[in-house]
Asker: 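I have a structure here, written as structure tokens, and I will follow up with some questions on it.
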Number of protein chains: 2
Amino acid sequence: MKEKITKQAILSVSRDIVNQEGYDALTLARVAKALKIKTPSLYNHISGLKDLRKELALDALKQLNYEVTQSAVGRSGDGALKAIGFAFIHFMRENPGLYAATLIAPDLQDPDIDQESSAIVAIIIKVLEPYHFGNVRAIHFVRGLRALAHGFSTLEYQGGFQIEVPLDDSISVAFDTFIKGLMAMNEAPGKENQKTENHSA
Amino acid sequence: MKEKITKQAILSVSRDIVNQEGYDALTLARVAKALKIKTPSLYNHISGLKDLRKELALDALKQLNYEVTQSAVGRSGDGALKAIGFAFIHFMRENPGLYAATLIAPDLQDPDIDQESSAIVAIIIKVLEPYHFGNVRAIHFVRGLRALAHGFSTLEYQGGFQIEVPLDDSISVAFDTFIKGLMAMNEAPGKENQKTENHSA
DNA sequence: TATTTTAACTAATGTTATTAGTTTTGTAAA
DNA sequence: TTTACAAAACTAATAACATTAGTTAAAATA
């Protein structure tokens, strides 16, 4: 049963390739071989390697958004925040190649990519709502949480944690710590509580 | 006055290339052109592109370590921690190509690279000493601070922050938040305060 | 059935990294 | 000063890659 060759099929084998053989293994030659066609035939469906990388990154971001969103449903407050953090790590562990795709191929100027990126921000903003932060302050916290999740993911991806202390404990403690500080901040709020409409932090 | 061609000279032009033209612009052909020699001649000094990337990453990590260390001297406690965080961001802003080199070329298995990575950990551990955390707990916090700094750097590098709220404010708030939570944690310590000797978190 | 579009193909070009073998050049010894 | 050697440049060649142009076969449509 031959798979019909379509953009989705190309993305599908690309996902497998990057996850199993590493991001660098994603070449048009490799993709064509997996699909049993010649390299130039790919140009009937995509407009080149750069395009393929972008599409793959977009796909990865969509999946990441979905999993992050799912991790937060049914939870609230600090439980939801921690779940979001772990959803990042989980995604990276299960899909190292796709995670690399979101790291390397960014082109954040691209409107499609930009939209997916800010969708993640919107999720966190929503979870933060009950805390009643001012908008500016909320953006600071969103950025902090995002940086924390992203930082842990990237460092583990690179192999930056070798010690025998379990990483999951560290992540848990780090989020607890940040959230605890966040509460303390709320009791003694700063002066920068102006309104802001733009939520694409 | 012709520059004598040496490993250092190769690394020097490589630094300029990645910072000015992006990490992808680092090819042996490009380096050779900058040095006005032919590509194969480079093999008299380095053993290939992979080697060059590794050497460049090592160089970048050394510089990063130096700047992080310098940022902490004369400061203590939360002031020092925040300064370290900003040193990361500053390095990334001034040397985007070198920063990318540390992100992309890792090979964390390599002993040279590993040593430089754990040097950064040692610095933070030292700054945390006055807080008298147990070793396990200290490692958690080191990881958290490292992830925070790394996360902010990487996200800004990718262009992940577009809004008009200044990023430096967010970084400041995030570190304050984390440090505040850290103090609160210290007042109510957890149960996992065993001793550990390995400091290469 | 005839026509148009889709999607494969072959052929060719230019850019890479890399290896092998050769020549030049500078330095140190005779 | 001449000779010997090693360092560091070179030329030539190969293989993997992306990309473009032009061609052909098959499928969909009119």
Side-chain angles (χ1 to χ4, degrees), chain A residues 1-59 97 100-101 103-107 110 113, chain B residues 1-60 97-98 100-101 103-107 110 113:
Chain A
M1 52 195 201
K2 313 213 106 188
E3 281 294 322
K4 201 171 171 187
I5 289 168
T6 162
K7 195 174 209 168
Q8 282 311 312
I10 293 173
L11 282 171
S12 177
V13 302
S14 297
R15 270 193 292 270
D16 292 344
I17 290 169
V18 296
N19 280 334
Q20 288 162 27
E21 303 169 29
Y23 188 76
D24 287 345
L26 185 70
T27 66
L28 293 187
R30 181 70 190 82
V31 170
K33 189 183 171 192
L35 293 168
K36 292 174 191 166
I37 58 175
K38 306 292 174 183
T39 306
S41 304
L42 290 169
Y43 283 77
N44 289 314
H45 308 279
I46 55 168
S47 58
L49 180 62
K50 202 174 171 181
D51 178 47
L52 176 58
R53 285 179 172 159
K54 186 205 131 184
E55 295 284 345
L56 191 64
L58 202 56
D59 242 46
L103 284 185
I104 295 169
D107 212 7
D110 185 282
I113 302 261
Chain B
M1 48 197 207
K2 311 213 108 191
E3 282 294 323
K4 201 172 171 186
I5 289 169
T6 164
K7 196 173 207 168
Q8 282 311 312
I10 292 174
L11 283 170
S12 177
V13 304
S14 297
R15 270 192 292 270
D16 293 344
I17 290 169
V18 296
N19 280 334
Q20 287 161 27
E21 302 169 30
Y23 188 77
D24 287 346
L26 184 71
T27 65
L28 293 186
R30 180 69 189 82
V31 170
K33 190 181 170 193
L35 292 169
K36 291 174 191 167
I37 59 175
K38 305 293 174 182
T39 306
S41 304
L42 291 169
Y43 283 75
N44 289 316
H45 308 280
I46 56 168
S47 59
L49 180 62
K50 202 174 171 180
D51 179 46
L52 176 59
R53 284 178 173 160
K54 187 206 129 183
E55 295 284 346
L56 191 64
L58 203 56
D59 242 45
L98 286 184
L103 284 185
I104 294 169
D107 212 5
D110 186 282
I113 302 262

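Bear in mind the structure is a predicted one, so any value in this text is a computation, not a measurement. In what follows, every chain begins at residue 1, and chains take the letters A, B, ... in the order their sequences are listed.
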Asker: If the condition is salt bridge (charged side-chain N to carboxylate O under 4.0 Å, His left out), which residues does B:Lys33 pass it with, not counting sequence neighbours?
Answerer: none
Asker: Return the value, rounded to whole Å, for the distance between atom CG of A:Asp24 and atom P of C:dT16.
Answerer: 17 Å
Asker: Quick test of your reading: applying salt bridge (Lys or Arg N to Asp or Glu O under 4.0 Å), list the pairs with at least one residue in residues 9-20 of chain A, sequence neighbours left out, ordered by first then second residue.
Answerer: A:Arg15-A:Asp59
Asker: Evaluate the side-chain proximity of B:Ile10 to B:Ser14: yes if any heavy-atom separation is below 4.5 Å, no if none is.
Answerer: yes
Asker: Going by side-chain hydrogen bond (donor to acceptor under 3.5 Å, both in side chains), name the residues that satisfy it together with B:Gln8, two or more places apart in sequence or in a different chain.
Answerer: none
Asker: Can you name the side-chain contact (heavy atoms from CB on, under 4.5 Å) partners of A:Thr39, sequence neighbours left out?
Answerer: A:Leu28, A:Ala29, A:Ala32
Asker: Nearest whole angstrom, please: distance from the C1' of C:dA17 to the NZ of B:Lys33.
Answerer: 18 Å
Asker: Any non-hydrogen side-chain atom of B:Val31 less than 4.5 Å from a side-chain atom of B:Thr27?
Answerer: no
Asker: Not counting sequence neighbours, which residues clear side-chain contact (heavy atoms from CB on, under 4.5 Å) with A:Lys38? List them please.
Answerer: A:Pro40, A:Ser41
Asker: Tell me, which of residues 38-48 of chain B have any heavy atom that sits under 4.0 Å from an atom in DNA chain D?
Answerer: B:Lys38, B:Pro40, B:Ser41, B:Asn44, B:His45
Asker: Answer yes or no: is there a donor N or O on one side and an acceptor on the other, between the side chain of B:Asn19 and the main chain of B:Gly97, under 3.5 Å?
Answerer: yes
Asker: Contact boundaries of DNA chain D with chain A (under 4.0 Å, heavy atoms), 5' to 3'?
Answerer: D:dC17 to D:dT20
Asker: Partners of B:Asp24 by side-chain contact (heavy atoms from CB on, under 4.5 Å), sequence neighbours excluded?
Answerer: none
Asker: Do any N or O atoms of the protein come closer than 3.5 Å to N or O atoms of nucleotides 26-28 of chain C, and which pairs are they?
Answerer:
none

Asker: Quick one: B:Leu52 CG to C:dT16 C1', roughly how many Å, whole number?
Answerer: 14 Å
Asker: Only counting residues at least two apart or in another chain, list the ones meeting salt bridge (charged side-chain N to carboxylate O under 4.0 Å, His left out) with A:Lys7.
Answerer: A:Glu55
